[in-house]
Amino acid sequence: MISSRALRPILIGLSCLSVVVVAVPTASATQPVNPYGALGAQPVDWQVCGQAPVTYCADITAPMDWYDLSKGTISIHITKVASTGGAARRGILLVDPGGPGSDGSALAANTAKSEPELLNAYDIIGFAPRGVAPSTALDCDIDWSKYTPVADERDRSAATTGQQLADARLVGQSCGAAPLAPYITTDQTIRDMDLIRAVLGAPKVNYLGFSYGTWLGAWYAAAFEPRADRFVLDSNMDWRRTIKDDYVDAWAQGFDRRFEVQFLPWLARHDDLYGFGTTTDQVQASLDALRVAVAGQGRASSLDVLQAQALYNASGWPQWAGVLKTLRADPSQATKLLPAVRVPTGKAASGAYWAVTCADTPWSHDPSYWVAEGDRLGAAYPLVGAESTEEPCAFYPYTSQHPVLPGADNLPAMLMVQDQYDPATPLEGALDAARESHQAMVFVQDGGNHIAYDTGNACVDAHVNDYLLHGGAPTSAVCEAMPLPLDDRVYS
């Protein structure tokens, strides 16, 4: 938990961050809008594919391997909502929802609908990254009949850890066997993004990325710095670290912390509705007893996974608390209310998810290492730490030969946005990335959701929109969170 005393130096540090940012560099004469020849000059066959707002879709051609064009091509699906600003239009705004493995096609229309000021200034461009349908998709062709969900990840017996490793091997080896797998990486994807820019005739990219989209955006900005204009990164991974650091260690810490710091006190405040106790200790004891009862139904891992998924966004807490109340009254409902789930928590079944995650940075391929990691993280962060043993990347055969290392020497000034108790991309990594690369940050004090912009917080939206619309050096700010559901105020 981060106390108010510990928070003070963070806030002081945020005020310093805005002082050291530098101006975004401009493209030089040696960097033409289209450095890709016929590939960058390919026609775009836009077709109307949505209304209110009118959305256009198209497929463009990209190399399967940017480092060996002889290997053939793939298709990248892009969407566009055209600017309403006429002469006030200032360029394109590329948007990405994260993942990896998430289709961003719909995000252009969603952003245009909720943020009309941005649509006045930009053509808003969405895309499905390589490996993700409706772009050329990576199919892992996993035989799920051979996958056995582990009933209780916290049971660290040899039988449990052996099954975790077997499940991880199934996913990792299946994805690694896909012919497209070696070419689904962040490094290849950012080159597709620059191709999109060139095909659309834009000299620069403006960018709005969430979650993994912050990793993707930082890699693009570092590799194509002169082409990066106004960049907003919301719910930040630490791009200075490895994917393992972000998606295993920080992940386990972040979910456990939000559970303890926000969910347990929230449930205690609403004991009149749910009856788990009026203090966090009482609520924890009640939930521990419930987990034992649910474990008797073979659904302990499912309870942990679904609890963690509920922590992404507090809007679903009343519904989830109702499920917990029902289970407490009748644990036999667990087989109906808690379906057997695949872990790790919240990780997509998308092949592109595993290809990017496993290839971007190195992973240990020693099964005993992952058993030890599950033991270590399970003891430190009980909610999801033990699931770390089930790591498909331990069995994935590829590592990118062209990693990008974003840092102070190759990144432009960007605007980062971060909730204090974000479970999936915890604060520590975001702050370290901001300090190391001299970035400004809009910090949401007492915020705990994963994603802060365009979710109803007027303060966050105002700072982000002001930067995207008016430019200037990004500056740090502190916004207050919104109250959690059923609460009458924000609780620290």
| request: State whether a side-chain donor-acceptor pair under 3.5 Å links D45 with Q47. | output: yes
| request: Write down the atom of L405, the atom of N410, and the distance for their closest heavy-atom approach. | output: O-ND2, 3.1 Å
| query | Would you call the rings of F255 and Y312 parallel, tilted or perpendicular if under 30° counts as parallel and over 60° as perpendicular? | reply | perpendicular
| Please walk me through it: do D304 and S301 pass side chain to side chain donor-acceptor pair (under 3.5 Å)? | CA-CA 5 Å; D304 291 344; S301 288; 5.6 Å; no
| request: Run the numbers on W320 and L306 for side-chain contact (heavy atoms from CB on, under 4.5 Å), then give the verdict. | output: CA-CA 9 Å; W320 174 243; L306 295 175; 3.6 Å; yes
| task | Could you give me the CA-CA distance, side-chain angles and deciding distance for Y467 and R230, then say whether side chain to side chain donor-acceptor pair (under 3.5 Å) is met? | result | CA-CA 8 Å; Y467 169 60; R230 299 173 187 175; 6.0 Å; no
| message | On a heavy-atom basis, which atom in A108 and which in G126 lie closest, and how many Å separate them? | response | CB-N, 3.5 Å
| query | In terms of side-chain heavy atoms, does Y67 have a donor or acceptor partner in D187 at a distance below 3.5 Å? | reply | yes
| Is it true that D167 and K146 make a salt bridge, defined as a side-chain N closer than 4.0 Å to a carboxylate O? | no
| query | Excluding sequence neighbours, so at least two apart, what forms ring pair (Phe, Tyr, Trp, His ring centres under 6.0 Å) with F210? | reply | none
| said: Could you tell me if Y207 and D229 have a donor-acceptor pair between their side chains, going purely by distance under 3.5 Å? | reply: no
| task | Could you tell me whether R376 and D249 make a salt bridge, using a distance below 4.0 angstrom between a side-chain N and a carboxylate O? | result | yes
| Taking the SG atom of each, are C358 and C393 under 2.5 Å apart? | yes
| message | Below 30° counts as parallel, above 60° as perpendicular, anything between as tilted: where do the rings of F231 and Y220 land? | response | parallel
| Are E373 and K244 ion-paired here, with the side-chain N under 4.0 Å from a carboxylate O? | yes
| message | Tell me whether R241 is salt-bridged to E436, with the criterion being a basic N under 4.0 Å from an acidic carboxylate O. | response | no
| request: Please work out which of the three classes, parallel, tilted or perpendicular, describes the rings of Y398 and Y396, given edges at 30° and 60°. | output: perpendicular
| task | Please report the closest heavy-atom contact between A202 and R197, naming both atoms and the distance. | result | O-NH1, 2.8 Å
| field | Neighbour count above 12 (heavy atom, 6.0 Å) for Y56 OH | value | no
| query | Does a donor on one side chain and an acceptor on the other come within less than 3.5 Å for R89 and N120? | reply | no
| field | Pairs touching residues 51-100 that satisfy disulfide bond (SG atoms under 2.5 Å apart), sequence neighbours left out | value | C49-C57
| task | Would you name the heavy atoms of D432 and D238 that are closest together and state the gap between them? | result | CB-OD2, 3.8 Å
| request: Taking all heavy atoms of T55 and all of A109, pick out the closest pair and write down the distance. | output: OG1-CB, 3.5 Å
| task | May I have the step-by-step check of side chain to side chain donor-acceptor pair (under 3.5 Å) for Y453 and N465, ending in yes or no? | result | CA-CA 10 Å; Y453 174 70; N465 288 346; 2.6 Å; yes
| Hey, are R130 and D192 close enough for a salt bridge, meaning a charged N less than 4.0 Å from a carboxylate O? | yes
| request: List the steps and the verdict of side-chain contact (heavy atoms from CB on, under 4.5 Å) for L200 and I125. | output: CA-CA 10 Å; L200 297 181; I125 309 297; 3.8 Å; yes
